[in-house]
Q: 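Right, I'll just put the structure down here and ask away after.
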Protein chains: 2
Amino acid sequence: MATRKGRPKRIETDQESARQSLIDAARQSFAQEGFEKVSIRKIAQVAGVDAAMIRYYFGSKAGLFEATVQETLAPVIAQFQTTIDPQVPLNPLRLMQAYYRMIAATPMLPKLIQQVLNQQDSPEAFAILSASVDNIIKRSENWIKAFTQHNQINPNLNPDWIRLSFISLMVFPILAPKYIQNKLGVEVNEDWLMALAEHNQTLLEEGLFTFSNQSPNDNNDRREP
Amino acid sequence: MATRKGRPKRIETDQESARQSLIDAARQSFAQEGFEKVSIRKIAQVAGVDAAMIRYYFGSKAGLFEATVQETLAPVIAQFQTTIDPQVPLNPLRLMQAYYRMIAATPMLPKLIQQVLNQQDSPEAFAILSASVDNIIKRSENWIKAFTQHNQINPNLNPDWIRLSFISLMVFPILAPKYIQNKLGVEVNEDWLMALAEHNQTLLEEGLFTFSNQSPNDNNDRREP
DNA sequence: GCTTATATTCATCAATGGATGAATTAATAA
DNA sequence: TTATTAATTCATCCATTGATGAATATAAGC
């Protein structure tokens with residue numbers, strides 16, 4: 001931004017502060033290319049700022065990642081947590097919708113989360129995430145237990161894995177590689193995500209077929225007896 | 001391996017060739033840490049070989065990645081393709097089982113595939129993969145069309161997305177970050193995967209609940225009317 | 001046996017990347 | 001007004017990395 005050295009004159013236009021520009025550029029770059037692949041020089045260039053500003057504001061590249069993830073996740077997770085607030089029992093559809101609204105508002109979130117979860121860098125961000133995950137897991141345990149006790153869950157399923165199934169349906173579409181997303185007609189925006197939530201719920205409730213207990217084999221399938 | 005310079009004496013023990021050691025080390029390292037993160041020196045060290053061997057056999061780091069992915073994928077994909085051979089109509093359960101057998105035999109495959117699909121490096125490997133994906137997508141189209149024409153698919157579902165659902169259930173568990181896998185009790189070995197295949201199929205066929213069309217809300221759920 | 005091809009290590013180069021201190025300019029406090 | 005603090009660029013250092021050209025030792029062909 002600043003063309004010459006020294007502290008820039010205060011200007012009252014709406015251009016972002018250098019710090020914020022860096023966070024924005026970092027969020028974008030880290031999500032797209034991953035922590036290792038992007039250089040601080042590239043990020044600084046995208047932000048239109050000298051690379052030394054990263055040290056000034058965040059201490060290091062890792063610090064920038066930390067701050068980026070935290071400032072991106074924190075508000076959105078907080079919002080998410082209130083949406084599924086503990087006063088109201090956990091409802092899978094509502095959980096999924098809350099999650100999808102969160103994603104729609106910040107599309108690069110999934111990739112960022114994936115990175116935090118994979119490379120254990122950024123302990124702060126990891127703490128935020130794992131706390132949220134633990135919360136959901138914990139509450140879903142009660143949910144499943146209640147349903148199991150009332151024999152409402154299909155006895156042919158492994159009850160330990162229905163959370164896995166639920167999360168698979170919920171998360172994979174928005175986490176899949178772009179190539180796969182294109183092949184499968186994935187389009188991450190609010191409308192599409194809300195429709196997918198309905199689709200997923202219907203699938204979980206009713207199954208894939210018109211007539212239950214019908215095998216999904218091909219018409220002329222010849223399987224071993 | 002060789003301690004001193006020059007071509008090593010031929011030895012009849014069963015130790016691998018340097019080339020093979022490199023491929024093995026690379027497969028391991030690339031899958032665990034990603035292309036950018038691992039250095040050729042690290043790979044060479046794991047392989048017990050000088051880093052210059054990478055240039056000698058593969059030309060470059062990218063060449064090593066290419067060769068690694070190709071030599072890892074090619075045989076396994078070929079096997080996979082025959083398992084779902086075109087003579088026999090595509091059966092989802094069989095497809096999933098074939099896929100899981102492939103994964104069980106080569107556990108680092110999913111991460112490798114993910115990398116190839118994400119970073120467009122390694123055009124050869126990408127070609128192998130996309131050919132296989134295209135094949136499956138194409139054949140599943142027929143499968144879905146047939147079912148749709150006979151009104152066998154739940155009309156409340158979006159037929160364009162049932163492949164997405166299927167693949168979500170199939171792929172996410174083995175692709176999820178380790179942290180999530182642990183939380184959800186994922187354990188990638190043949191037995192577990194085969195059981196998961198059954199679970200997934202049951203879920204798709206019958207849905208989650210004992211009584212169809214029952215809403216999965218909490219008992220005392222208070223949702224907006 | 002001599003020559004050529006093969007397989008291997010070693011030393012090093014050039015590029016890239018992250019980190020850092022200094023210089024510079026503006027805002028703010030005393 | 002002056003001294004201090006804040007915000008910024010610039011030049012540069014140092015480590016890591018991928019690539020490369022020897023040098024060296026064995027195997028293989030004639």
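In what follows, every chain begins at residue 1, and chains take the letters A, B, ... in the order their sequences are listed.
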Q: Would you call A/Arg27 and A/Glu71 a salt bridge, using N to O less than 4.0 angstrom?
A: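 A salt bridge is absent here (no side-chain N lies under 4.0 Å from a carboxylate O).
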
Q: Does anything in residues 51-66 of chain A form a side chain to side chain donor-acceptor pair (under 3.5 Å)? List the pairs, not counting sequence neighbours.
A: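 Output for this query lists A/Glu66-A/Ser122.
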
Q: Rounded to whole Å, please give me the gap between CE in A/Met53 and C1' in D/dT8.
A: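 Atom CE in A/Met53 sits about 5 Å away from atom C1' in D/dT8.
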
Q: Detail all sub-3.5 Å separations between protein N/O atoms and N/O atoms belonging to nucleotides 17-20 of chain C.
A:
from, atom 1, to, atom 2, distance (Å)
C/dG18, OP1, A/Lys61, NZ, 2.7
C/dG18, OP2, A/Ile40, N, 2.8
C/dG18, N7, A/Arg41, NH1, 2.6
C/dG18, O6, A/Arg41, NH2, 2.8
C/dA19, OP2, A/Lys61, N, 3.1
C/dT20, OP2, A/Arg55, NH1, 2.7

Q: Does a donor on one side chain sit under 3.5 Å from an acceptor on the other, for B/Asp24 and B/Gln28?
A: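 There is no such pair between these side chains.
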
Q: Rounded to whole angstrom units, what separation is found between the OH atom of B/Tyr56 and the P atom of D/dA23?
A: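 Computing the B/Tyr56:OH to D/dA23:P distance gives 18 Å.
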
Q: Let me know the distance between OH of B/Tyr57 and C1' of C/dA5, rounded to the nearest Å.
A: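 To the nearest whole Å, that distance equals 13 Å.
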
Q: Over how many whole Å does the gap from A/Phe58 atom CZ to D/dT8 atom P extend?
A: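 Interatomic distance, CZ of A/Phe58 to P of D/dT8: 11 Å.
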
Q: Please list all pairs passing the ring pair (Phe, Tyr, Trp, His ring centres under 6.0 Å) test where one or both residues lie in residues 75-103 of chain A, with sequence neighbours left out.
A: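 Qualifying pairs, neighbours excluded: none.
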
Q: Taking atom types as modelled, find out whether B/Asn118 and B/Gln114 have a side-chain donor-acceptor pair closer than 3.5 angstrom.
A: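 B/Gln114 and B/Asn118 do not have a side-chain donor-acceptor pair below 3.5 Å.
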
Q: So, taking the atom named CE in A/Met108 and the one named CD in A/Gln115, what distance separates them when rounded to the nearest 0.5 Å?
A: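 CD of A/Gln115 is found 12.5 Å from CE of A/Met108.
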
Q: Using whole Å, what does the distance between atom C1' of nucleotide D/dA19 and atom CG of B/Leu64 come to?
A: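 My rounded result for the distance is 14 Å.
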
